[in-house]
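Data first, discussion second: the structure below is written as structure tokens.
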Amino acid sequence: MLRRATALLTRPVISLRARPFSTDVSETPVADTSFYDAWKKVIPTIEPPHTPLTFMKPRPPTPSSIPTKLTVNFVLPYNSELAAKEVDMVIIPATTGHMGVLPGHVATIAELKPGVLSVHEGTDVTKYFISSGFAFIHANSYADIIAVEAVPLDRVDASLVQKGLAEFTQKLSSASTDLEKAEAQIGVDVHSALNAALTG
């Protein structure tokens, strides 16, 4: 086994970036010609439908130097909170811990947990409570944050949070089925995070 180790270590190193990242979108729109050709063979009289690629705006290329601002898109299923907003930093509640994202951050995908999303723009800080979602940080200083639910933190009523936490804690202690326990645990987790955001 050790004889093979030296052979493996002396192999030439393959380029680490042989393939583009899946988050890279080409600068010029690329038509899916194979799809269109197949469509025209089957149904030549009807125009082919648009694919998601036709709706995507091309991303700017990764700059050679680190930009001064981070461009953030923060969207919900029913609303766009921030669209191409240039900010100094965002702090996201990832499942692995709170993560600060500055311009030039390495490309990352993070799952979000219930917590506070902070958007820093100069001396202004806007805070949102989010329930869950994903954050996609791109190498070109763009960040796409997709949340299931979000509300500005200053619009949360602390008394309702305390009441909800008490209700879900009681439901968790009296739950008899796995489904009831899971639903109650989610309620406790979200209300506990809301409470911590308001008090901390």
Side-chain angles (χ1 to χ4, degrees), residues 22-23 52 56-57 59 67-200:
S22 62
T23 56
M56 293 177 69
K57 293 181 181 176
R59 293 251 186 232
T68 59
K69 296 286 186 180
L70 175 72
T71 305
V72 176
N73 298 307
F74 176 35
V75 295
L76 307 171
Y78 51 85
N79 191 20
S80 175
E81 290 289 327
L82 302 173
K85 176 116 173 144
E86 291 192 344
V87 301
D88 296 319
M89 174 177 71
V90 294
I91 299 175
I92 59 174
T95 54
T96 55
H98 284 77
M99 185 169 76
V101 180
L102 294 165
H105 196 283
V106 67
T108 307
I109 298 174
E111 183 182 0
L112 304 179
K113 65 178 182 180
V116 177
L117 167 74
S118 303
V119 180
H120 299 257
E121 187 178 4
T123 58
D124 295 335
V125 179
T126 307
K127 294 184 178 184
Y128 298 89
F129 183 83
I130 60 173
S131 62
S132 63
F134 286 91
F136 301 90
I137 293 97
H138 306 277
N140 56 3
S141 292
Y142 272 71
D144 296 322
I145 302 167
I146 296 98
V148 176
E149 288 288 337
V151 63
L153 199 56
D154 56 0
R155 292 181 50 202
V156 177
D157 185 350
S159 63
L160 290 177
V161 171
Q162 292 291 334
K163 182 181 174 187
L165 182 57
E167 286 177 11
F168 280 106
T169 304
Q170 193 276 329
K171 284 181 182 178
L172 183 60
S173 63
S174 65
S176 58
T177 66
D178 288 341
L179 178 61
E180 289 174 350
K181 289 177 185 174
E183 288 174 345
Q185 185 62 54
I186 290 169
V188 168
D189 291 347
V190 170
H191 283 83
S192 297
L194 263 169
N195 193 41
L198 291 171
T199 57

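FYI, the numbering just counts along the sequence from 1.
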Taking the side chain as every heavy atom from C-beta outward, state whether [X] and [Y] have any pair of such atoms under 4.5 Å apart.
X	Y	value
K69	D88	yes
L76	E81	yes
I91	H120	yes
H98	I92	no
E121	K85	yes

As an exercise, state the distance from [atom1] of [X] to [atom2] of [Y], rounded to the nearest 0.5 Å.
X	Y	atom1	atom2	result
L102	T68	CG	OG1	12.0 Å
L194	L153	CG	CG	8.0 Å
I145	I130	CD1	CD1	7.5 Å
F168	K163	CZ	NZ	12.0 Å
Q185	L172	CD	CG	5.0 Å
S141	H105	OG	NE2	10.5 Å

Would you name the heavy atoms of [X] and [Y] that are closest together and state the gap between them?
X	Y	answer
A139	A107	N-CB, 4.0 Å
I137	M99	CD1-CE, 3.7 Å
P77	A147	CD-O, 3.2 Å
A193	G115	CB-N, 4.5 Å
A94	A110	CB-CB, 4.2 Å
F129	V190	CZ-O, 3.7 Å

### Task
Count the heavy atoms of every other residue, nucleotide or ligand shown that sit under 6.0 Å from CG of N79, and state whether that count exceeds 12.
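Count over threshold, so yes.
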
Would the distance check show the side chain of [X] and the main-chain N or O of [Y] forming a donor-acceptor pair, the cut-off being under 3.5 Å?
X	Y	result
H191	G187	yes
E180	S176	yes
N73	A84	yes
T108	V106	yes
S131	E149	yes

### Task
Determine, stepwise, if the pair E183 / K171 fulfils salt bridge (charged side-chain N to carboxylate O under 4.0 Å, His left out).
CA-CA 9 Å; E183 288 174 345; K171 284 181 182 178; over 6 Å; no

### Message
Going by ring-ring contact (aromatic ring centres under 6.0 Å, His included), name the residues that satisfy it together with F74, two or more places apart in sequence or in a different chain.
### Response
Y128

### Query
Please walk me through it: do L112 and T95 pass side chain to side chain contact (heavy atoms under 4.5 Å, CB included)?
CA-CA 6 Å; L112 304 179; T95 54; over 6 Å; no

### Criterion side chain to side chain contact (heavy atoms under 4.5 Å, CB included) on L165 and S192, from CA distance to verdict
CA-CA 7 Å; L165 182 57; S192 297; 3.5 Å; yes

### Task
List the steps and the verdict of side chain to side chain contact (heavy atoms under 4.5 Å, CB included) for V72 and V119.
CA-CA 9 Å; V72 176; V119 180; 5.7 Å; no

### Task
Go through L198 and V156 one step at a time and tell me if the side chain to side chain contact (heavy atoms under 4.5 Å, CB included) criterion holds.
CA-CA 8 Å; L198 291 171; V156 177; 3.7 Å; yes

